[in-house]
Number of protein chains: 2
Amino acid sequence: MIDDTRQRLIDAAGAIFANNGYEAASIRDICQQASANIAAVNYHFGDKKSLYVAAVRHAQSCADSENPEMTWPADMPPVERLRAHILQMLQRKLEGDKPAWHLGIMLREMAFPTEACAAVVEDYVRPMANGMRAILLDLLGHDFPEEEGNMIGFSIVGQVLFYYVHQPMIRLLIGSDAHDALTVQKLADHITNFSLAAIGLGPSLGHPTLTPPIPIKAMI
Amino acid sequence: MIDDTRQRLIDAAGAIFANNGYEAASIRDICQQASANIAAVNYHFGDKKSLYVAAVRHAQSCADSENPEMTWPADMPPVERLRAHILQMLQRKLEGDKPAWHLGIMLREMAFPTEACAAVVEDYVRPMANGMRAILLDLLGHDFPEEEGNMIGFSIVGQVLFYYVHQPMIRLLIGSDAHDALTVQKLADHITNFSLAAIGLGPSLGHPTLTPPIPIKAMI
DNA sequence: ATCGGATTGAAACAAGTGTTTGATTGAGAG
DNA sequence: CTCTCAATCAAACACTTGTTTCAATCCGAT
């Protein structure tokens, strides 16, 4: 591994950037956590900003590889594809397996964008949006008006991202116990059922006795 | 106005903190924008962090006063209260009348909390959450299970906050034209209809021919 | 073994940070 | 007028920041 320190720098930088933000992260802290010399970052990357975009790009590429095209079985009904899609989005953040900073640094870009935001959108957000759009077109019909389809997609993703971005606020609001009780599976089921009911493909919440008939087209 | 410069400092600091974040905002920039001396911030507030929390507290108090208890007419049906509530939340951010930083600095706290986050939650988020809870209890019945009610509230607020937080990402994703076409009124109508359909109190989107009957209880 | 380019190391650099100092101003009170 | 005290100002403080320098080191190729 010839670029050992280079990779160690990216890992340390990504974690610190994701936790503290770009400005609050100091090169000295990054190098210390990476067990590298202070000059290493300038030798391998040129300057701080280039190290930052390298960390973002690494997070993107890892997200791509961790994300096997999200290609569900072709015979999977679209309703179940939506359910699996929502569950997977939630799992990726709230049940972070290894490097929690991969999504953290991209969420920071999306909320308070720097010049690396456009790359994040093109390489990460747009493929995911296209996946969501494909599911929605199967659910709603391929002649569905684009603007309304966009808003429906935003409504679904917005529910998911809410638990991404405002996790600490939710914990303060409802308390640690109630927050811990909101398991990923419970949230995914709720968001899926809420959204399916909204577009008329599932029983509505709140008044469970009412189950509107489901169009035959979307059941296949 | 004896505390003229003190107020000018809070205004300038709030705007710069909201735009650049805490670390990236320099006291010299703030003082220059406030037409105050560099020593003024330490004279009036003590240090940078105290100035920051003063700006957050000012944003909270202003949000309170701008927000007249959100007390709708008592005879307003809960469905219309929800619609008005959602519209008002969206208007406050996307049609910012005067100081756009009041919500920006609080959104920053909610997404990447500092020690001032708890105060924001208690003084700003919790009253708004209680208002939403009151509407939902009227809509769903006052014996509705708390956890599911929380998740429904989060689903509604999450849709709204999505357009708050990820506005720049949405613009990059769907383009400036399509983004400008998403007027506040259009978004509010969509989120309201989407959410009402989800809880079984309105026609579902996507398959407009289906209009499930609305329970009598919630129509009053 | 020796050369040469790649990598690392400690130290210093200039610039910027938040903070403090002490003199200076200004206006109201005695 | 004189005294007083709060407010402002320019200047400097101590410190951290990102960046650079140049010698020391490593390691494979000759």
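All figures in this text were calculated on a predicted structure; none of them were measured in a lab. Order of the sequence lines sets the chain letters (A, B, ...), proteins ahead of strands, with each chain counted from 1.
Evaluation of the side-chain contact (heavy atoms from CB on, under 4.5 Å) rule for A:A24 yields A:N20, B:E23 as partners, not counting sequence neighbours.
If you look at B:F17 and B:Y22, their ring centroids are closer than 6.0 Å.
Not one side-chain nitrogen or oxygen of A:T5 sits closer than 4.0 Å to the OP1 or OP2 atom of C:dT7. Between A:H44 and C:dA6, a side-chain N or O to OP1/OP2 separation shorter than 4.0 Å is absent.
Spacing between atom OH of A:Y43 and atom C1' of C:dG9 amounts to 13 Å, rounded to whole angstrom units. Following rounding to the nearest Å, B:F45 (CZ) and C:dT19 (P) show an atom-to-atom distance of 13 Å. Spacing between atom CZ of A:R8 and atom P of C:dT7 amounts to 13 Å, rounded to whole angstrom units.
Side-chain N/O atoms of A:R83 and A:T192 include no donor and acceptor closer than 3.5 Å. No side-chain donor from either of B:Y52 and B:E115 sits under 3.5 Å from a side-chain acceptor of the other.
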(request) Encode nucleotides 15-26 of chain D as B, S and - characters from 5' to 3', where the letter depends on protein heavy atoms closer than 4.0 Å: B to the base, S only to sugar-phosphate, - to neither. (result) --BBBBB-----
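Within 6.0 Å of NZ on B:K186 lie more than 12 heavy atoms contributed by other residues, nucleotides or ligands.
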Sequence neighbours left out, cut at 3.5 Å: what donor-acceptor pairs do the side chains of residues 28-38 of chain A make with other protein atoms?
unit_1: A:D29; atom_1: OD2; unit_2: A:S26; atom_2: OG; d: 3.3
unit_1: A:N37; atom_1: OD1; unit_2: A:A39; atom_2: N; d: 2.9

